[in-house]
Enquirer: 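For reference, the structure I am asking about is given below.
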Amino acid sequence: MYLSKIFAPRLREVPQDADTVSGQLMLRAGLLRKSASGIYTYLNLGLRVKQRIEEIVRQEMDGHGAQEILMPLLMPAEPWQATGRWELYGDEMFKLTDRKGRQFCLGPTHEELVTTVVGSERHSYKELPFNLYHITNKYRDEIRPRYGLIRSREFTMMDAYSFDRDETAVESSYALMFEAYTNIFSRVGLTFRPIQADSGAIGGSSSHEFTVQADNGECAYAACEHCGYAANLELSKARPARDPEKSIGALPEVEGVPTPGVHSISDVARFFGTDPGTILKSILYIADDKPWLLVLRGDDDINEAKLLKAVKAREGRMATDEEVLNILGVHPGSVGPQNVTVPIVVDEIVRNDIAYIAGAGADGFHVRNVFYGRDFVSDIVADIRTVRAGDLCPVCGHPLHTATGIEVGHTFKLGTKYAVPLHANYVDEDGSEKPYFMGCYGIGIGRTLAAIIEQHHDEKGIVWPMSVAPYQVAIIPLNRGDDAVWRAALDLHEGLQRSGVDVILDDRGESAGVKFNDADLMGFPIHVVIGNSFLKTGSFEVSLRVDKANKSLVPAQEAIAFILNLIKTVA
Ligand SMILES: [Zn+2]
């Protein structure tokens with residue numbers, strides 16, 4: 001392919017509206033153009049990468065017993081109403097009405113549809129298990145689409161659904177998909193980590209998020225390098241490395257201390273000359289319009305996902321200063337756990353044998369020697385803190401580290417959650433009808449593409465892994481006007497194409513600098529320069545994008561064999 005013929009408009013400047021490295025590079029290298037907020041057009045180079053990822057996904061899914069189907073994007077409302085998700089999805093679902101008044105949606109996912117398709121046929125237990133997948137677009141009306149392809153409103157996913165006889169049988173379907181995912185993400189060149197995404201699953205396997213470490217990732221997790229434990233921070237459980245010293249003997253009485261102007265936890269710790277772990281943080285929180293007082297250690301942060309689960313609420317937020325004043329009668333910096341009229345949630349690591357310092361519930365005062373159980377009690381005790389780096393692994397006790405990542409895939413056991421309301425049953429050995437046990441498995445194709453760029457780039461541009469590169473080789477003839485150079489470039493281009501290599505020929509009359517910059521920006525893995533070395537010695541300069549300093553001088557007649565070998569051996 002001639003570079004001048006590809007519609008891949010490049011940008012010299014870093015686009016202002018792209019908020020990630022991958023988003024910027026996709027625009028700069030001409031892979032993508034934005035059509036509306038969270039909606040993109042894949043240009044040729046971007047589409048080629050997307051198709052290569054999809055091809056690897058297909059090979060591994062097929063190789064692990066799944067079969068490809070294609071479900072519609074436009075779906076009737078009824079199955080969604082049967083599972084309750086028509087309402088539950090709320091504004092995130094794109095809903096529409098046809099000319100006869102029947103309601104439809106643009107599919108945000110396909111559990112309902114696939115379960116309906118399978119449930120409408122009569123299958124015997126002998127035909128189980130099976131696993132159906134498709135690769136298609138999904139639609140979610142995100143409030144704030146961002147990070148380019150990472151959080152968009154139209155996105156491509158591979159989603160698979162396994163159908164099994166019972167809970168035990170799902171294990172093997174799940175294990176197969178886990179292996180397929182591991183192969184897929186390895187083959188596209190990602191360093192990734194499957195993290196547990198299910199609260200009851202320490203050491204278990206019922207839900208995993210496949211996460212690629214990235215600084216701007218939306219998924220935060222804690223991981224242990226010692227035993228391999230890794231869990232989403234929303235669910236991760238761990239103990240702090242150190243507990244404050246406990247009180248022994250007769251417990252001292254509560255003592256009020258005037259603390260004018262002392263509000264934040266660090267101010268209080270400095271004022272009392274103590275460690276923040278012995279101070280209690282008391283926070284007024286509104287969950288589904290109901291106020292709660294949250295009490296946790298001063299050096300901990302509230303984990304809202306855990307908290308909402310503990311108080312069985314759908315949404316929540318910190319109370320405003322005004323609400324604190326109205327409900328508790330003090331300013332936020334002086335809120336304490338004693339004598340409050342709202343229900344109290346106490347974090348489970350707050351102990352009853354430690355003399356804590358806390359807000360006094362009166363402006364300008366703190367109290368010390370506050371004992372949980374004696375001076376205040378809880379309505380709910382729960383794990384509501386966010387795990388911190390250095391906390392101890394819940395499996396092996398070694399220190400955890402924390403990181404953020406991009407979730408590129410998930411695997412999840414659904415049980416009979418969809419089969420029961422949608423009446424999807426198989427016929428068991430005794431002739432009775434029983435609901436399928438299902439698993440679902442998703443891979444974000446666009447996210448995977450973005451994650452590959454996040455992990456494979458340098459200051460000059462993208463560095464594609466060979467397996468997903470839009471073109472494997474870029475031929476860069478310098479001295480375009482020289483007949484011998486141009487003829488050698490054409491011969492190599494044709495020879496490589498005949499050998500099945502996807503190759504770009506930079507046929508433009510641009511300067512060497514412009515050509516090198518573009519080849520670097522677009523990230524083709526192998527660069528072949530035809531210039532002075534060729535004119536002097538008849539050799540091409542072959543280098544890898546990932547290691548430009550290391551050039552091989554390859555005689556023209558050996559170039560094709562050399563490049564074919566390079567493609568085979570380089571990841
Ligand atoms: Zn561990």
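Scope of the values below: all heavy atoms of this structure, side chains included, with no hydrogens, waters or symmetry mates.
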Enquirer: Taking the side chain as everything from C-beta on, heavy atoms only, tell me whether N232 gets closer than 4.5 Å to C219.
Expert: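 Yes. Closest side-chain heavy atoms under 4.5 Å.
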Enquirer: Say whether, by atom type as modelled, one donor and one acceptor occur between the side chain of E154 and the main chain of N137 under 3.5 angstrom.
Expert: no
Enquirer: Taking all non-hydrogen atoms of both residues, which atom of P72 and which atom of H110 are closest, and how far apart?
Expert: O-NE2, 2.9 Å
Enquirer: Please determine whether a side-chain nitrogen of the Lys or Arg among R85 and E111 lies less than 4.0 Å from a carboxylate oxygen of the Asp or Glu.
Expert: yes
Enquirer: Go through the structure and list residues passing side chain to side chain donor-acceptor pair (under 3.5 Å) with R447, not counting sequence neighbours.
Expert: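 Testing R447 for side chain to side chain donor-acceptor pair (under 3.5 Å), a comparison that skips the adjacent residues, returns none.
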Enquirer: Check whether any side-chain heavy atom of L544 lies under 4.5 Å from a side-chain heavy atom of N550, and answer yes or no.
Expert: no
Enquirer: For R52 and D502, run salt bridge (Lys or Arg N to Asp or Glu O under 4.0 Å): C-alpha distance rounded to whole Å, both residues' side-chain angles, the deciding distance at 0.1 Å, then the answer.
Expert: CA-CA 12 Å; R52 288 194 200 279; D502 286 308; 2.7 Å; yes
Enquirer: Considering residues, nucleotides and ligands other than K34, do more than 12 of their heavy atoms fall under 6.0 Å from its NZ?
Expert: yes
Enquirer: Taking the six-membered ring for Trp, are H527 and F516 closer than 6.0 Å centroid to centroid?
Expert: no
Enquirer: Give me the atom names and distance for the closest heavy-atom approach of L521 to L11.
Expert: CD2-O, 4.4 Å
Enquirer: Would you say the side chain of L96 lies within less than 4.5 Å of the side chain of L74, judging by non-hydrogen atoms?
Expert: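 Heavy-atom side-chain distance check passes, below 4.5 Å.
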Enquirer: Counting C-beta onward and ignoring hydrogens, is there a side-chain heavy-atom pair between Y133 and R58 closer than 4.5 Å?
Expert: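 Yes; the side chains approach each other to less than 4.5 Å.
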Enquirer: State whether F155 and R140 meet the cation-pi test: NZ (Lys) or CZ (Arg) under 6.0 Å from the six-membered ring centroid, and within 45° of the perpendicular axis.
Expert: no
Enquirer: Answer yes or no: is there a side-chain heavy-atom contact under 4.5 Å between F534 and P477?
Expert: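 F534 does not reach P477 side chain to side chain.
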Enquirer: Are the side chains of D141 and F94 in touch, meaning some heavy atoms are under 4.5 Å apart?
Expert: yes
Enquirer: Is M93 close to W80 at the side-chain level, that is, under 4.5 Å between some pair of heavy atoms?
Expert: yes
Enquirer: Answer with yes or no after comparing the ring centroid distance for F210 and F178 against a 6.0 Å cut-off, counting only values under it.
Expert: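 When the ring centroids of F210 and F178 are compared, they turn out to be within the sub-6.0 Å range.
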Enquirer: Does the S467 side chain pair with the main chain of R187, one donor and one acceptor, at a distance under 3.5 Å?
Expert: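 Yes: the side chain of S467 pairs with the backbone of R187.
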Enquirer: Is any side-chain heavy atom of M438 closer than 4.5 Å to one of V118?
Expert: no
Enquirer: Does D518 have any salt bridge (Lys or Arg N to Asp or Glu O under 4.0 Å) partners at least two apart in sequence or in another chain, and if so, which?
Expert: R10, R12, R508
